[in-house]
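Naming: A, B, ... by sequence-line order, numbering from 1 per chain.
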Amino acid sequence: MKDVLKNLRHNGVYVPVYDFKGFKIKILGKKIKLSPISEQMAIAWIRKKQSILSPPDKIYEKNFKQEFLEKIEQENSELEFINNFFKNHLEKIAETSFQEDEIDFSEVSNYLDTIKQKKQSLSKIEKKAQSAIRKALKLEKKEKYGYAIVDGKKLEIANWIAEPSCLFAGRGDHPRRGKWKEGPKQEEIILNLSPESPTPLGKWKEIIWEPEKMYVAKWMDKLTGKIKYVWFSDSAFIKQNKEKEKFEKAAKLGKRSRSIEKYIIKNLKAKEDIKRKIATVCWLILKPNMRVGDEKDPEEADTVGAITLRKEHIKIEDDVIYFDFLGKDSVRWKKSIKAPDPVIQNIKNYMKSSKEYLFEGVDSKKVSRFLSQKMPGLTAKVFRTWRCTKTLEDALKKSRVKKEDKIYVKKFYAKMANLKVAVVANHKRKISPKFGERLLKKEEKIKELRIKLKNLKAAGKKTKSTETRIEKISLDIELTKQTKEYNLGTSLKSYIDPRAYTKWARSADFDLTKFYPKTLQTKFSWALERKKPVSDIECKNT
DNA sequence: TTACGCACTTAGGAGGGACAAT
DNA sequence: ATTGTCCCTCCTAAGTGCGTAA
């Protein structure tokens with residue numbers, strides 16, 4: 001394997017230390033000391049409990065309670081009344097809500113309330129000062145742990161702070177949400193370091209040297225059993241190079257898309273059943289932009305992609321297929337698409353014959369092998385990258401933005417094109433509970449301005465600035481409405497070749513620094529131009 | 001050929017700070 | 001100057017895909 005790193009030197013991972021308060025809870029009126037772990041559990045629980053946006057649901061609560069009570073029992077096994085209490089209650093309590101009179105968290109909740117109040121009572125200046133202190137402290141730690149020296153270059157590390165312990169926040173219907181996830185200790189962390197680098201102080205699990213890998217450190221997550229990695233940040237040249245390769249590959253797919261589509265269509269009627277299955281899966285990846293959707297652990301939320309589709313996710317009427325299922329992150333994937341006859345026939349057949357999955361026997365590896373026949377290295381995910389970037393290019397072209405257009409008009413079309421991509425990729429977001437209210441406010445505003453405009457006209461006064469404001473707000477309203485349930489960030493960060501934007505920006509004389517947020521400008525520094533367009537300077541105040 | 005572990009990319013939510021409106 | 005909004009960044013979960021062993 002090719003080495004990614006020649007040498008790698010860093011100071012290890014920063015492992016946050018929990019500041020133990022020594023709180024007690026009360027069980028049946030008697031005070032019980034918490035340990036550092038049970039205290040953290042209690043604090044995390046009360047925080048969650050107080051959360052307005054996402055309070056715990058039944059399963060979260062049950063998972064938490066079971067573990068918490070077991071922990072309390074363990075920690076206090078010498079106390080007789082605890083033993084009795086648990087003998088009688090453990091099962092019952094875990095099934096129902098905490099009884100306030102049985103377990104009393106008030107010391108913990110008082111503490112949280114005090115913190116909140118203190119924060120609120122702070123004046124602007126004090127708040128600023130405190131946040132500046134926090135920032136400085138973090139920066140100081142970052143200076144030590146946040147960078148690595150790779151081949152003589154100083155590279156930023158993304159997640160240089162090890163994950164602190166918390167209650168597991170699995171998404172969707174994750175069966176283990178609410179369970180305690182203990183963060184890694186230093187002695188559980190493996191560091192990737194080249195041999196000539198000095199070993200960071202402290203006890204680490206292991207120091208290894210894997211120059212062909214691109215991680216800085218790793219550890220095993222005790223709850224999920226998965227390995228967690230410490231990576232370089234997106235600004236690192238190693239990451240940027242891979243990013244470029246990704247988009248090159250997608251572009252290559254674009255060039256061959258016609259012949260690849262033909263290949264897929266042809267194989268919808270292949271003799272071998274497995275080949276027909278794979279081709280049908282590929283069609284779903286190519287056309288409605290599905291993820292490949294490999295089989296997953298039953299100990300996770302039940303989400304699916306093309307391969308793992310089941311009968312209940314599909315309806316067919318004539319030549320239209322209706323999909324409705326939960327995809328990655330339990331985001332609802334609801335679309336319909338007109339499909340050619342062989343696709344319809346295949347899916348109908350598999351719906352009849354399949355036991356569990358429609359495409360039983362297909363996995364992402366077989367899909368890759370099938371696709372590689374037409375283009376080496378082609379895998380399912382490349383299709384999403386290609387489709388997204390292409391969607392953006394088409395949308396920008398269609399927008400017909402001219403050089404003379406106002407900056408906010410250009411920005412609007414840049415956003416709308418981004419939105420088209422988000423829709424294609426099904427990047428959704430939780431609808432803000434204040435959405436209706438917010439929109440209404442904006443609509444009120446525009447009404448107000450229209451009246452003002454009328455009056456100005458009647459009085460023969462200047463109307464230019466009011467007109468501009470109206471135009472601006474109406475575009476804003478349009479965007480607010482359309483992006484109600486879509487999140488544009490993911491596609492902008494991961495799917496849109498920045499050069500698609502730069503190309504357009506050049507022709508439209510648009511300054512992309514007005515569009516890409518700072519971190520993305522850094523991430524895409526390999527593609528973004530630094531020179532500012534002329535019109536940008538002229539239109540500064542529009 | 002399948003199962004599995006590991007490495008790396010893609011994902012939405014939380015929370016806070018910047019900025020716009022007043 | 002203050003308040004409210006919204007955007008950005010951080011966080012870490014949840015995917016994809018590859019290599020390897022059985």
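Scored by the side chain to side chain donor-acceptor pair (under 3.5 Å) test, A:Glu182 finds A:Trp180 as partners (sequence neighbours excluded). Under the rule for a side chain to side chain donor-acceptor pair (under 3.5 Å), A:Asp151 has no partner lying at least two apart in sequence or in another chain. Considering only residues two or more places apart in sequence or on other chains, A:Lys390 meets the side chain to side chain donor-acceptor pair (under 3.5 Å) condition with A:Asp394. Among residues two or more places apart in sequence or in another chain, the ring-ring contact (aromatic ring centres under 6.0 Å, His included) test is passed with A:Tyr501 by A:Phe515, A:Tyr516. Listed by chain and residue number, nothing satisfies the side chain to side chain donor-acceptor pair (under 3.5 Å) test with A:Ser109 (two or more places apart in sequence, or in another chain). For A:Glu245, the side chain to side chain contact (heavy atoms under 4.5 Å, CB included) criterion is met by no residue, not counting sequence neighbours. The ring-ring contact (aromatic ring centres under 6.0 Å, His included) search around A:Trp204 returns none, not counting sequence neighbours.
At whole-Å resolution of the value, CZ in A:Phe435 and C1' in C:dC6 are 13 Å apart. We find that CG of A:Asn159 is positioned 14 Å from C1' of C:dT9, with the value rounded to whole Å. Rounded to an integer number of Å, the gap from NZ of A:Lys213 to C1' of C:dC18 is 11 Å. Taking atom CG of A:Leu488 as the reference point, atom P of C:dC8 lies 10 Å away to the nearest angstrom. When the P atom of B:dT10 is taken as reference, atom CG of A:Asp497 falls 12 Å away, rounded to whole Å. Following rounding to the nearest Å, A:Ile285 (CD1) and C:dG15 (P) show an atom-to-atom distance of 15 Å. Rounded to whole Å, atom P of C:dT2 lies 8 Å from atom CD1 of A:Ile125. To the nearest angstrom, P of C:dG4 lies 17 Å from NZ of A:Lys442.
At the phosphate of C:dA14, neither OP1 nor OP2 sits under 4.0 Å from any side-chain N or O atom of A:Lys296. In this model, the phosphate group of C:dT16 is not approached by any side-chain N or O of A:Ser364 to a distance below 4.0 Å at OP1 or OP2. At the phosphate of B:dC8, neither OP1 nor OP2 sits under 4.0 Å from any side-chain N or O atom of A:Lys218.
Note on A:Ala158: nothing from the nucleic acid sits closer than 4.0 angstrom, heavy atoms only. Within the nucleic acid shown, A:Lys239 comes within 4.0 Å of sugar-phosphate atoms alone, with no base atom in reach, counting heavy atoms only. Contact annotation for A:Ala380: backbone-only contact, meaning every heavy-atom pair under 4.0 Å involves sugar-phosphate atoms and none involves a base. Residue contacts shown for A:Glu210 are limited to sugar-phosphate atoms, with no base heavy atom under 4.0 Å away. Among the protein residues, A:Gly305 comes within range of no part of the nucleic acid, since none of its heavy atoms lies under 4.0 Å from any strand. The residue A:Lys366 sits close only to the backbone: its heavy atoms come under 4.0 Å of sugar-phosphate atoms, none of a base.
The only option from A:Arg171, A:Lys226, A:Arg176, A:Arg177 that meets the salt bridge (charged side-chain N to carboxylate O under 4.0 Å, His left out) definition with A:Glu300 turns out to be A:Lys226.
In the set B:dC8, C:dA13, B:dA3, the nucleotide with an atom closest to the side chain of A:Lys181 is C:dA13. Side chain of A:Pro517, nearest nucleotide from C:dT16, C:dT9, C:dG19: C:dT9. Here the side chain of A:Met214 is nearest to one of C:dG15, C:dT16, B:dC8, namely B:dC8.
Summarising the geometry, atom CG belonging to A:Asn267 is positioned 9.0 Å from atom CD belonging to A:Gln373; distances are rounded to the nearest 0.5 Å.
Within 6.0 Å of the CZ atom in A:Phe412, the count of heavy atoms belonging to other residues, nucleotides or ligands exceeds 12.
Two residues, A:Lys365 and A:Lys381, neighbour DNA chain B, and the one matched to the more 5' nucleotide by heavy-atom proximity is A:Lys365. Toward the 5′ end of DNA chain C lies the nearest nucleotide of A:Asp476, the other residue of the pair A:Asp476 and A:Ala162 mapping further downstream. Heavy-atom nearest nucleotides on DNA chain C were determined for A:Thr379 and for A:His174, and the one closer to the 5' end corresponds to A:His174.
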For residues 280-291 of chain A, dump all side-chain donor-acceptor pairs below 3.5 Å to protein atoms at least two apart in sequence or in another chain.
{"from": "A:Thr280", "atom 1": "OG1", "to": "A:Arg276", "atom 2": "O", "distance (Å)": "2.6"}
{"from": "A:Thr280", "atom 1": "OG1", "to": "A:Asn346", "atom 2": "ND2", "distance (Å)": "3.1"}
{"from": "A:Lys287", "atom 1": "NZ", "to": "A:Glu261", "atom 2": "OE2", "distance (Å)": "3.2"}
{"from": "A:Asn289", "atom 1": "ND2", "to": "A:Val424", "atom 2": "O", "distance (Å)": "3.1"}

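Sorted by first and then second residue, the side chain to side chain donor-acceptor pair (under 3.5 Å) pairs involving residues 415-439 of chain A (not counting sequence neighbours) are A:Asn418-A:Ser491.
In this structure, A:Phe64 and A:Lys179 have side chains that are not in contact, with every pair of non-hydrogen atoms separated by 4.5 Å or more.
The stretch residues 220-232 of chain A touches DNA chain C through A:Lys228, each having a heavy atom within less than 4.0 Å of the strand.
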Could you encode protein contacts along nucleotides 11-16 of chain B as a string, one character per nucleotide from 5' to 3', using B for base contact, S for sugar-phosphate-only contact and - for no contact, with a heavy-atom cut-off of under 4.0 Å?
-> BBSS-S
Give every pair of a protein N or O atom and an N or O atom of nucleotides 18-22 of chain B that lie under 3.5 Å apart, one pair per line with the distance.
{"from": "B:dT22", "atom 1": "OP2", "to": "A:Lys445", "atom 2": "NZ", "distance (Å)": "3.2"}

